[in-house]
There are 2 protein chains.
Amino acid sequence: MNIGDVAIRSGLPAKTIRYYEDIGLVKPLRSANGYRSFRERDVHMLAFLGRARALGFSIEDCRNLLKLYEDDHRTSAEVKQIAEGHLAEIDRKITELTEMRATLARLVDACAGDHRPDCPILADLAAPPAETDRPDDRG
Amino acid sequence: MNIGDVAIRSGLPAKTIRYYEDIGLVKPLRSANGYRSFRERDVHMLAFLGRARALGFSIEDCRNLLKLYEDDHRTSAEVKQIAEGHLAEIDRKITELTEMRATLARLVDACAGDHRPDCPILADLAAPPAETDRPDDRG
DNA sequence: ATAGGGGTTCCACTGACTGGAAGGTCAATG
DNA sequence: CATTGACCTTCCAGTCAGTGGAACCCCTAT
């Protein structure tokens, strides 16, 4: 099968598939005319990669997951460890974004958004208020 | 002031400060020996940039925010628009990550994580279950 | 013969830095 | 006066996961 058909069947752009070959994730055969020739197994692997990437796994995670997938002697513990690591990373990102969101939403809320130049958003970026809510907070 | 002191005062690595000069965000003077010479205003701008970046604003957003900050004729509406755009982007990312998290957590939960090779995580990546919960679903 | 719709390689670019090499400057010390 | 060490400089390469484009080859149909 040529790359165009594989792109359709795997849902990945042809460019991405070539890139995945470049970095050794798939190893399609070559036809006499130099075209890549994909077997069913390759298409399957590419679809696997597409789904793993959609879940946010890094390419290196994908490489390891694929290796485990192809390994009859794997243990589910190995797979789970990768997934848990990624889950922790996702949680870290969500936390970070949620904190950003809270600050930003507060500032946006405080901003009139009118024709005047006064702006709490810029004021905060220029010099965020010290945390002196409580009288005893670091003096 | 030399770049090392500015790095300490602004909280940004010297490398980053040089990069910010490279892309035109700050324009420090130069001493006779070729060293960058930062004024108070430069330090102030770099701290501003550091806080804007910490809120996740892109460099281009930062550039525009800084321009507005320095512009007496700005309107808070312009600032608010940038912030709201960024807020929407953050929300988009949180949504995306939350969806990934849900799927991944379900799979991790279903995985025994033991010595056996059977693994629902790999099974899902290989071929996610079709959405045929309801009998009439595209069946 | 030519047009088109495939395919190929290779290079450059993205964002926002970061690491490192090779070398210049300066204050303090022996 | 030479040297050490901490600072500074520029420039190049790498990160991550692709994406865009140029220049060119292959195959089929007309």
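Residue numbering restarts at 1 for every chain, and letters A, B, ... go by the order of the sequence lines.
Interface residues of residues 41-57 of chain A facing DNA chain C, ordered by number: none; criterion, heavy-atom separation under 4.0 Å.
Between the side chain of A:Ser10 and the main chain of A:Val43, no donor-acceptor pair closer than 3.5 Å is present. At least one donor-acceptor pair under 3.5 Å links the side chain of B:Arg51 to the backbone N or O of A:Ala126.
Distances shorter than 4.0 Å separate none of the side-chain N or O atoms of A:Arg18 from OP1 or OP2 on D:dG20. Of the side-chain N and O atoms in A:Asn33, one or more sit less than 4.0 angstrom from OP1 or OP2 of D:dC27.
Side-chain contact between A:Thr95 and A:Arg92 is absent, with no heavy-atom pair separated by less than 4.5 Å. Contact annotation: the side chain of A:Ser37 never approaches that of A:Pro28 to less than 4.5 Å [non-hydrogen atoms, C-beta and beyond]. Considering only heavy atoms from C-beta on, B:Phe48 comes within 4.5 Å of A:Leu122 through its side chain. A:Ile17 is listed as a side-chain neighbour of A:Val6, based on a closest heavy-atom distance under 4.5 Å.
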Stepwise salt bridge (Lys or Arg N to Asp or Glu O under 4.0 Å) check, A:Arg18 with A:Glu21: CA-CA 5 Å; A:Arg18 289 196 195 96; A:Glu21 185 191 12; over 6 Å; no
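Mapping A:Tyr20 and A:Tyr35 onto DNA chain D by nearest heavy atom places A:Tyr20 closer to the 5' end of the strand. In this structure, B:Ser58 and A:Gly34 both approach DNA chain C, and ranking their closest nucleotides by distance from the 5' end singles out A:Gly34.
Between A:Arg41 and A:Glu70 there is a salt bridge, with a side-chain nitrogen of the basic residue lying less than 4.0 Å from a carboxylate oxygen of the acidic one.
Going from atom CG of B:Asp5 over to atom P of D:dA6 covers 16 Å, rounded to whole Å. Between the P atom of D:dC16 and the CG atom of A:Asp22 lies a distance of 15 Å, rounded to the nearest Å. Computed from coordinates, the B:Tyr19 OH to D:dT9 P distance equals 18 Å when rounded to whole Å. Between B:Ile17 atom CD1 and D:dT9 atom P the separation is 10 Å, expressed in whole Å.
Of all nucleotides in DNA chain C having an atom under 4.0 Å from a heavy atom of chain B, the first and last in 5' to 3' order are C:dA16 to C:dC26.
Nearest heavy atom pair, residue A:Leu25 against residue A:Met45, reads O-CE, 3.5 Å.
If you take CG on B:Asn64 and CZ on B:Phe57, they are separated by 11.0 Å, rounding to the nearest 0.5 Å.
No chain of hydrophobic side-chain contacts below 4.5 Å, direct or via other Ile, Leu, Val, Met, Phe, Trp or Tyr residues, connects A:Leu46 to A:Tyr35.
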Pairs under 3.5 Å (N/O, protein and nucleotides 11-13 of chain D):
none

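At a threshold of 4.0 angstrom between heavy atoms, the contacts of B:Ile3 are confined to the sugar-phosphate backbone, with no base atom among them.
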